[in-house]
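Everything on this sheet refers to the single structure shown next.
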2 protein chains.
Amino acid sequence: MDDIAHATGVSRSTVSFVLNGREDIQIPAPTRDRVRAAARELGYRPHAGAQALAKARTDLIGIVTDIVATPFAGEIIRGAQHAAWARDKFLLVVGTDGDPTRVAAAFEMLLQRRVEGIIFATQANESVTLPAAAREVPTVLVHCVSDAGDFTTILPDEEAGGALATETLIRAGHRRIGMINLDPWLRAAIPRETGYRRALATAGVAFNPRLVRVGHATAEGGYEAARELLAEVDPPTALFCANDRMAMGAYDAVKEAGLRIPGDVSVVGFDNQEIIAAFLRPALTTVALPFDTMGATAIDALCAPSFGPPAVTIVPCPLVERASVGR
Amino acid sequence: MDDIAHATGVSRSTVSFVLNGREDIQIPAPTRDRVRAAARELGYRPHAGAQALAKARTDLIGIVTDIVATPFAGEIIRGAQHAAWARDKFLLVVGTDGDPTRVAAAFEMLLQRRVEGIIFATQANESVTLPAAAREVPTVLVHCVSDAGDFTTILPDEEAGGALATETLIRAGHRRIGMINLDPWLRAAIPRETGYRRALATAGVAFNPRLVRVGHATAEGGYEAARELLAEVDPPTALFCANDRMAMGAYDAVKEAGLRIPGDVSVVGFDNQEIIAAFLRPALTTVALPFDTMGATAIDALCAPSFGPPAVTIVPCPLVERASVGR
DNA sequence: CTGAAAGCGCTAACAT
DNA sequence: ATGTTAGCGCTTTCAG
């Protein structure tokens with residue numbers, strides 16, 4: 001900046017003002033132009049770090065997550081990145097592999113970096129306990145809840161999602177709808193089934209406990225559960241699988257039984273794991289876990305004019321229609 | 001720091017020295033202890049930004065990628081994050097959605113942030129052209145090549161991967177091995193097939209052009225190609241699919257033909273998209289695209305004592321053995 | 001309308 | 001062995 005001040009014959013402050021486009025300061029247009037020209041010629045590039053120091057604003061937001069190989073982490077980073085970029089904020093990401101020691105270290109490092117907020121996200125919808133440092137900076141939880149329950153939290157609307165999946169099947173004319181659920185200790189299992197029951201009740205369909213099985217969240221489990229369901233005396237004509245992996249297994253069972261999807265049995269999944277859902281044959285209609293939206297929502301919360309008291313935001317799970325529902 | 005200097009009755013420099021653990025400066029142990037104690041009591045937390053300004057080292061590394069929903073971006077970020085953390089570096093991530101304008105903007109922003117290096121990674125192994133700013137900072141390409149070819153580049157060893165997949169099948173006793181390849185304009189298609197042919201040749205198996213088909217990189221394509229292959233007069237007993245999605249489709253075709261995997265036909269995939277490979281039934285043996293390793297390798301290159309002239313590093317693609325190969 | 005000057009929080013010669 | 005001092009690159013108040 002000194003260089004360009006000298007080159008232009010003005011002071012550093014003037015340079016600062018015009019480069020920051022401060023129209024509130026009266027500076028003749030010709031001067032402004034000269035400054036800008038000099039800046040360009042000299043290849044001036046502002047030093048964000050120095051600006052941050054002077055302004056006491058880093059424009060940095062941290063995101064700590066138990067990054068694993070599922071696309072979930074990628075999606076939430078993507079959503080957050082997008083929203084952050086729109087606000088001229090940058091994302092500092094640190095993965096913890098779920099190690100609590102690293103979580104604490106991550107928070108400490110981010111605080112030293114003077115991030116303006118931290119997003120703490122997990123793959124699985126679970127209960128977590130944050131390091132004390134989390135209270136020293138705006139922190140929002142994504143896809144998990146705090147034991148103490150005193151953090152702003154972004155959660156997917158699992159129950160509405162379960163209902164949506166079920167309604168989709170009902171609307172297609174199905175009444176005998178089987179559900180293959182996750183193991184009950186997975187937090188998402190309960191609300192997804194609650195949604196299923198609610199949709200059934202709303203449609204005036206009696207709930208039949210024989211029609212719900214647990215598939216252990218794996219393709220193998222989905223296969224077994226679907227086989228059982230299909231072996232019932234009056235088998236379901238539609239299956240709501242509480243995740244796409246189980247739906248993948250269910251596909252196998254249906255096909256093995258000589259049945260067609262969606263001709264003989266319709267299937268709806270949950271999670272929208274693109275790689276599975278989009279490429280299963282036929283492509284799987286499923287309820288999406290809106291990770292990108294949650295990531296963006298977290299940024300919005302963090303960047304809000306005033307970061308308010310703890311609140312819970314429930315993000316809807318949209319239906320992604322593909323080709324596995326029919327009739 | 002001033003506070004702790006006053007509290008301890010020493011100067012700021014002394015505080016700086018002990019807090020930075022500079023043993024080369026002679027300071028009596030008791031003084032050191034007092035300083036550290038005061039720091040703790042006052043809840044002192046170093047300001048990384050100020051340190052960066054003073055030291056002219058930000059410890060920041062940028063990563064720009066066309067983040068999409070595949071787990072690839074997540075894996076490379078994970079690998080890079082890991083390696084960066086080990087070196088006390090932080091990752092600034094920006095996604096571009098493949099938009100060239102944003103790529104240029106991303107580089108500019110990262111340079112303003114004074115990152116010490118930039119990783120440019122793409123989902124698909126492709127040819128890219130980087131903005132001019134890329135020359136102003138150590139930059140390494142991951143999973144893509146530059147038109148000009150003058151950047152340090154990290155690439156997977158696709159050819160060795162193709163050979164590895166094929167050898168795996170050969171070693172299991174197969175001689176009639178079909179290959180379902182990607183569309184030829186996908187950069188990975190050529191080397192994967194070259195590897196296939198090389199492995200065949202090495203094993204003394206004649207190459208039979210009727211045994212290789214193109215599956216368009218989709219499950220549907222894999223299904224069609226597998227059906228054709230299985231309909232040959234002397235059908236293959238093993239299938240090497242150039243990606244896991246096509247393997248997924250191939251599974252369907254094999255099962256539909258009343259054949260078993262791996263009893264009647266063995267299958268090997270490529271990419272190791274965990275979500276597919278690990279949950280297919282039977283789980284798919286596949287060659288992994290080592291994104292995390294590539295990310296880590298990129299960090300290593302960037303952090304090397306002296307960032308050398310452009311070089312290409314080829315990272316091996318390891319075999320992930322699961323349950324689809326037999327005989 | 002423009003410039004001087006005082007920081008932002010920290011490091012590192014250079015003196016003492 | 002410890003303190004003084006001069007920055008790092010930029011913003012911003014306050015005079016002029």
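Protein chains get the first letters and strands the later ones, always in sequence-line order, with residue 1 at the start of each.
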Checklist entry - Quick one: does B:F107's side chain get under 4.5 Å of B:P131's, heavy atoms only? => result yes
Under 3.5 Å, which donor-acceptor pairs do the side chains of residues 108-120 of chain A form with other protein atoms, sequence neighbours left out?
unit_1: A:E108; atom_1: OE1; unit_2: B:R45; atom_2: NH1; d: 2.9
unit_1: A:E108; atom_1: OE2; unit_2: A:Q112; atom_2: NE2; d: 3.3
unit_1: A:E108; atom_1: OE2; unit_2: B:R45; atom_2: NH1; d: 3.4
unit_1: A:R113; atom_1: NH2; unit_2: B:T58; atom_2: O; d: 2.2
unit_1: A:R114; atom_1: NH1; unit_2: A:L111; atom_2: O; d: 2.9
unit_1: A:R114; atom_1: NH1; unit_2: A:Q112; atom_2: O; d: 3.4
unit_1: A:R114; atom_1: NH1; unit_2: B:P46; atom_2: O; d: 3.1
unit_1: A:R114; atom_1: NH2; unit_2: B:R45; atom_2: O; d: 2.9
unit_1: A:E116; atom_1: OE1; unit_2: A:K89; atom_2: NZ; d: 3.1
unit_1: A:E116; atom_1: OE2; unit_2: A:T58; atom_2: N; d: 3.1
unit_1: A:E116; atom_1: OE2; unit_2: A:D59; atom_2: N; d: 2.7

Checklist entry - Do you see a donor-acceptor pair shorter than 3.5 Å between the side chains of B:S13 and B:S16? => result no
Checklist outcome for this item: Contacts of A:F17 and B:A50 projected onto DNA chain D by closest heavy atom; the upstream (5') one is B:A50
Item to check | Heavy-atom donor-acceptor pair, A:R12 side-chain to D:dT11 base, under 3.5 Å | outcome: yes
Checklist entry - What is the distance, rounded to the nearest whole Å, between atom CD1 of A:I4 and atom P of D:dT11? => result 11 Å
Next on the checklist: As a test of reading the structure: which of D:dC8, D:dT11, D:dT5 is closest to the side chain of A:N20, going by heavy atoms?
Outcome noted: D:dT11
Checklist entry - According to a strict under-4.0 Å criterion, is B:R22 in side-chain N/O contact with OP1 or OP2 of C:dA12? => result yes
Item to check | Nucleotide nearest B:K55 when distance is taken to its side chain, options C:dT11, C:dC10, C:dA5 | outcome: C:dT11
Item to check | Proximal nucleotide (of D:dG9, C:dC10, D:dC10) relative to the B:L53 side chain | outcome: D:dG9
Checklist entry - What parts of residues 23-45 of chain B reach DNA chain D, counting only heavy atoms under 4.0 Å away? => result B:I25, B:Q26, B:I27, B:P28, B:T31
Next on the checklist: With a 4.0 Å cut-off on N to O distance, would you call A:R135 and A:D150 a salt bridge?
Outcome noted: yes
Item to check | Protein-nucleotide distance (B:H47, atom NE2; D:dC8, atom C1'), rounded to Å | outcome: 13 Å
Item to check | Distance below 4.0 Å between B:S16 side-chain N/O and C:dT11 OP1 or OP2 | outcome: yes
Next on the checklist: I'd like to check B:T297 versus B:I299 (side-chain heavy atoms, cut-off strictly below 4.5 Å). Are they in contact?
Outcome noted: no
Checklist outcome for this item: When B:R114 and B:T14 are each assigned the nearest nucleotide of DNA chain D, the 5'-most assignment goes to B:T14
Checklist entry - Given atom CG of A:D2 and atom C1' of C:dG3, what is their separation to the nearest angstrom? => result 13 Å
Next on the checklist: Hydrogens and angles aside, do A:T96 and A:D66 bring a side-chain donor and acceptor to less than 3.5 Å of each other?
Outcome noted: no
Checklist entry - How close or far is atom P of C:dG7 from atom CE of B:M1, stated in whole angstroms? => result 18 Å
Checklist entry - In terms of side-chain heavy atoms of B:Q51, which of C:dC10, D:dT12, C:dA12 is nearest? => result C:dC10
Item to check | Closest non-hydrogen atom pair between B:R36 and B:V18, with its separation | outcome: NH1-O, 3.9 Å
